[in-house]
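For ligands, and for the atoms within them, numbers begin at 1 and follow the listed sequence.
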Amino acid sequence: MRAFDFSRAESVGNAAQHGNAETTFVAGGTTLLDLVKLDVMRPAAVVDINALPLKSVERLADGRLKIGALVTNTDLAHHPEVKRDYPLLSQALLAGASTQLRNMATTAGNLMQRTRCPYFRDVGSACNKRQPGSGCDARDGINRMHALLGGSADCIAVHPSDMCVALAAIGATLTLEGPSGEREVAFADFHRLPGDTPHLEHDLAADELITALTLDAPLAFGWVTLSQAA
Ligand SMILES: Cc1cc2nc3c(=O)[nH]c(=O)nc-3n(C[C@H](O)[C@H](O)[C@H](O)COP(=O)(O)OP(=O)(O)OC[C@H]3O[C@@H](n4cnc5c(N)ncnc54)[C@H](O)[C@@H]3O)c2cc1C
């Protein structure tokens, strides 16, 4: 494993100030540390964001549910409002990984996890996602778990998150924060198809942090509101 600088962010603004192409945030560390040990990710600096106040789940007035970026996969799966209003999300989270991993894994980390394509994780293989222009050994390799839809000549890796499949069906918005302030991105627009730039995976700048994920209001919320109004 290569050496890197390590620091702890004390505020969201402070974390964003650290952000650049050579710096990576660490939350639960369940993906990042594996990839650093495999030499797939080589950050010069790692910023620990675990002290940031991004661990709450809040019902908004319009019925949406706002989830802090650092809410763990376990806490989210077992949250009473998630279990009641978004059972799909709860079940998707509990279908993934193990209890120990879900206790550490965070909402934003889950969104940002990298592909489990074995050629991406093997630095001896050609992979356009890991090293642009190097080729794609998956195309003629062992690829029955790879993309049927959305792949390209340069990359057929899939996103590995169970949670993200549920989010695509539910509908959600991401809140991103960087030096120029806060912005919102529809979840469906956040991850990119590989095209000829598979190393560009999402719509997050290097100096931005995901601060929250807001789920669309559940259908039941609209129904209850309408029935109360009638
Ligand atoms: C053995 C194993 C089995 C697994 N099985 C499954 C499975 O079946 N289904 C499934 O869906 N997942 C599975 N996972 C993946 C797991 O869900 C992810 O590792 C986890 O969700 C990542 O969260 P984390 O907080 O640990 O992220 P970290 O490892 O801390 O970070 C991952 C990435 O997210 C970035 N990041 C983290 N927080 C932020 C933020 N707030 N803003 C911007 N960037 C951020 C980091 O910089 C890093 O690039 C498995 C993982 C392991 C190790």
May I ask you to identify the nearest protein heavy atom to [atom], giving residue, atom name and distance to one decimal place in Å?
| atom | answer |
| --- | --- |
| atom 48 (C) of ligand 1 | F25 O, 3.9 Å |
| atom 42 (N) of ligand 1 | I210 N, 2.9 Å |
| atom 44 (N) of ligand 1 | M112 CG, 3.8 Å |
| atom 9 (N) of ligand 1 | D162 OD2, 2.6 Å |
| atom 27 (O) of ligand 1 | G109 CA, 3.4 Å |
| atom 14 (N) of ligand 1 | Q113 OE1, 4.0 Å |
| atom 6 (C) of ligand 1 | A97 N, 3.4 Å |
| atom 2 (C) of ligand 1 | L101 CD1, 3.3 Å |

Any heavy atom of L54 sitting closer than 4.0 Å to ligand 1?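 No, L54 has no heavy atoms under 4.0 Å from ligand 1.
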
Under 4.0 Å, counting heavy atoms only: does R116 come that close to any atom of ligand 1? yes

Is there a path of hydrophobic side-chain contacts, each under 4.5 Å between heavy atoms, that joins L33 and L101? no

Which atoms from ligand 1 have a heavy atom of [X] less than 4.0 Å away?
| X | answer |
| --- | --- |
| A108 | 38 (N), 39 (C), 40 (C), 41 (N) |
| I49 | 38 (N), 39 (C), 40 (C), 41 (N) |
| N110 | 17 (O), 21 (O), 22 (C), 23 (O) |
| G96 | 7 (C), 8 (O), 9 (N) |
| P160 | 10 (C), 11 (O) |
| L204 | 43 (C) |
| T24 | 47 (O), 49 (O) |
| L32 | 29 (O) |

Between [X] and ligand 1, is there a nitrogen or oxygen pair with a distance under 3.5 Å?
| X | answer |
| --- | --- |
| A105 | no |
| T30 | yes |
| T31 | yes |
| L33 | no |
| A95 | no |
| M163 | no |

From D196 CG over to C155 SG, what is the distance, rounded to the nearest 0.5 angstrom?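 D196 CG to C155 SG: 11.5 Å, rounded to 0.5 Å.
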
Quick check for you: to the nearest 0.5 Å, what is the distance between R183 atom CZ and L176 atom CG?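 The distance works out to 5.0 Å.
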
Would you confirm whether T74, through its side chain, and R102, through its main-chain N or O, come within 3.5 Å as a donor-acceptor pair?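 Between the backbone of R102 and the side chain of T74 there is a qualifying donor-acceptor contact (under 3.5 Å).
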
Mark yes or no for whether S161, through its side chain, and C164, through its backbone, hold a donor-acceptor pair below 3.5 Å.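 Flag set: sc S161 to bb C164 pair under 3.5 Å.
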
Side chains of [X] and [Y] in contact at under 4.5 Å (non-hydrogen atoms):
| X | Y | value |
| --- | --- | --- |
| P218 | Y86 | yes |
| F187 | L111 | yes |
| K129 | R114 | yes |
| D5 | H18 | no |

Can you see whether Q100 engages N103 through a side-chain donor-acceptor pair at a distance of less than 3.5 angstrom? no

Have a look at ligand 1 and work out which part of [X], if any, has a heavy atom under 4.0 Å from it: side chain, backbone, both or neither.
| X | result |
| --- | --- |
| D34 | side chain |
| T211 | neither |
| L111 | neither |

Assign the ring pair H202 / F190 to parallel, tilted or perpendicular, where the plane angle (0 to 90°) is split at 30° and 60°. parallel

Side chain to side chain contact (heavy atoms under 4.5 Å, CB included) partner of L32, the single match among V36, T30, D34: V36

Determine the sole option in L213, L204, L167 for which the side chain to side chain contact (heavy atoms under 4.5 Å, CB included) test with L174 is passed. L213

